There are 2 protein chains.
Amino acid sequence: MGKRKENSTNMQNEKVIIGGCDLTYAVCMIGGRWKLLILCKLENGKLRFSELRNRINGITERMLTLQLRELEKEGLLKRTVYPEVPPRVDYELTEIAKELVPIWSQLSDWGGKHRKLMNTPYVG
Amino acid sequence: MGKRKENSTNMQNEKVIIGGCDLTYAVCMIGGRWKLLILCKLENGKLRFSELRNRINGITERMLTLQLRELEKEGLLKRTVYPEVPPRVDYELTEIAKELVPIWSQLSDWGGKHRKLMNTPYVG
DNA sequence: TATGGTACGAACAAATTTGTAAGTAATGGG
DNA sequence: CCCATTACTTACAAATTTGTTCGTACCATA
């Protein structure tokens, strides 16, 4: 993301809400457009930047970079840079991120159920 | 929210992601700034508009209305209007929304744990 | 010397979400 | 007639997120 204004009402509200609700706090961490997709790709192990880019349809390098940076800052993934040329960097889930996996799967099931209920097509 | 441009890249990306990932789909439904707060307040039963407004610190009537409308459209809550004057309207969780509750509680626990790990203060 | 691959960064623009400040309808009570 | 109450709506503005288009460093290889 870009920088945020420290004292906007928007920012203040976010702080207050996140500060007082673990649930909203948790959902905010994974709320970016591409974050869950990235995390899911990493469920089975490390991937490098270009592998992520290639597996995620439609993401731009900028977006991938931004979301990776945030996830790293939030402690959800670990970035490893290898001193090689051309550069090689890979990403993997942290322990705390791995603890989310079973919860995701429940949420995902719920999503599938809700989708059927609402008759929203799944385009796998 | 306001109307969205039907064919922006933004919109297209969202469609594709949501269409192909039940998890992202699920998280999107509860992703609005105030949505989880609203849903949480309704965990123990119906509340009317003004009760929600009074229980949620900092929300404006406009935001409350917007988020309620979306949640209703998404099938997460049921709106009941009583033909009285002054108007009376109340909101309650739908069955499918109630099924989220146990998942929330896990997510919330995770959030609390993560918060400690990151040393982010909880301001209850 | 020119080229190519990798993982970004910067400047800018468009889209979307959130917030501000009003105003509305209907009706009972004074 | 005037006012209060409730659950909104509308027009507008500010903030934030997302997307587009470039450009960079590094060194091995041709």
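The structure presented is a predicted model; accordingly, all values stated were derived computationally and were not measured. Lettering follows sequence order; numbering is per chain, from 1.
In this structure, CG of N10(A) is placed 12 Å from C1' of dT16(C), rounded to the nearest angstrom. For the pair L64(A) CG and dT6(C) P, the computed distance is 14 Å after rounding to whole Å. Taking atom CG of residue L66(A) and atom P of nucleotide dT18(D), one finds them 9 Å apart after rounding to whole Å. For E51(A) and dC8(C), the CD to P distance is 13 Å, given to the nearest whole Å. We find that CD of E61(A) is positioned 10 Å from P of dT6(C), with the value rounded to whole Å. Spacing between atom CD1 of I56(B) and atom C1' of dA7(D) amounts to 15 Å, rounded to whole angstrom units. Rounded to an integer number of Å, the gap from R62(A) CZ to dT20(D) C1' is 9 Å. Across the protein-nucleic acid pair, K5(B) atom NZ and dG19(D) atom C1' stand 14 Å apart, rounded to whole Å.
Neither OP1 nor OP2 of dT6(D) sits under 4.0 Å from any side-chain N or O of R53(B). The phosphate of dG19(C) (OP1 or OP2) has a side-chain N or O of R33(B) nearer than 4.0 angstrom. The side chain of Q67(A) places an N or O atom within less than 4.0 Å of a non-bridging phosphate oxygen (OP1 or OP2) of dT18(D). At the phosphate of dG19(D), neither OP1 nor OP2 sits under 4.0 Å from any side-chain N or O atom of T9(B). An OP1 or OP2 oxygen of dT16(C) is reached within less than 4.0 angstrom by a side-chain nitrogen or oxygen of S8(B).
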Worked verdict on E6(B) versus K15(B) for salt bridge (charged side-chain N to carboxylate O under 4.0 Å, His left out):
CA-CA 10 Å; E6(B) 190 63 20; K15(B) 274 190 197 168; 3.0 Å; yes
Starting from the C-alpha separation in whole Å, work towards a yes-or-no answer on side-chain contact (heavy atoms from CB on, under 4.5 Å) for E51(B) and D90(B). CA-CA 9 Å; E51(B) 291 174 316; D90(B) 62 31; over 6 Å; no
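Among dT9(D), dC8(C), dA7(C), the nucleotide with an atom closest to any side-chain atom of T65(B) is dT9(D). Ranking dC8(D), dT18(D), dT16(D) by closeness to the R4(A) side chain, first place goes to dT16(D). Proximity note for Y91(A) (side chain, C-beta onward) versus dA15(C), dC8(C), dT16(D): the nearest is dC8(C). Comparing atom distances between the V85(A) side chain and each of dT16(C), dA7(C), dC26(D) picks out dC26(D) as nearest.
Remark: of the listed residues N10(B), N13(B), T24(B), N10(B) is the sole one forming a side chain to side chain donor-acceptor pair (under 3.5 Å) with R33(A).
Between M11(A) and P87(A), the residue anchored closer to the 5' end of DNA chain C is P87(A), taking for each the nucleotide with the nearest heavy atom. Of the two residues near DNA chain D, N13(B) and R88(B), the one whose nearest nucleotide lies more 5' is R88(B). Remark on DNA chain C: of its neighbouring residues W34(B) and P86(A), the 5'-side contact belongs to P86(A), judged by nearest-heavy-atom nucleotide.
The shortest distance between side-chain heavy atoms of E74(A) and K35(A) falls below 4.5 Å.
Across all strands shown, E6(B) has no heavy atoms under 4.0 Å from either base or sugar-phosphate atoms.
Judged purely by atom type and a 3.5 angstrom limit, W34(A) has no side-chain atom pairing as donor or acceptor with the backbone of L68(A).
Side-chain atoms of R48(B) and base atoms of dT6(D) include no donor and acceptor less than 3.5 Å apart.
Residues Y91(B) and V81(B) fall within the same hydrophobic cluster, defined by Ile, Leu, Val, Met, Phe, Trp and Tyr side chains chained together at heavy-atom separations under 4.5 Å.
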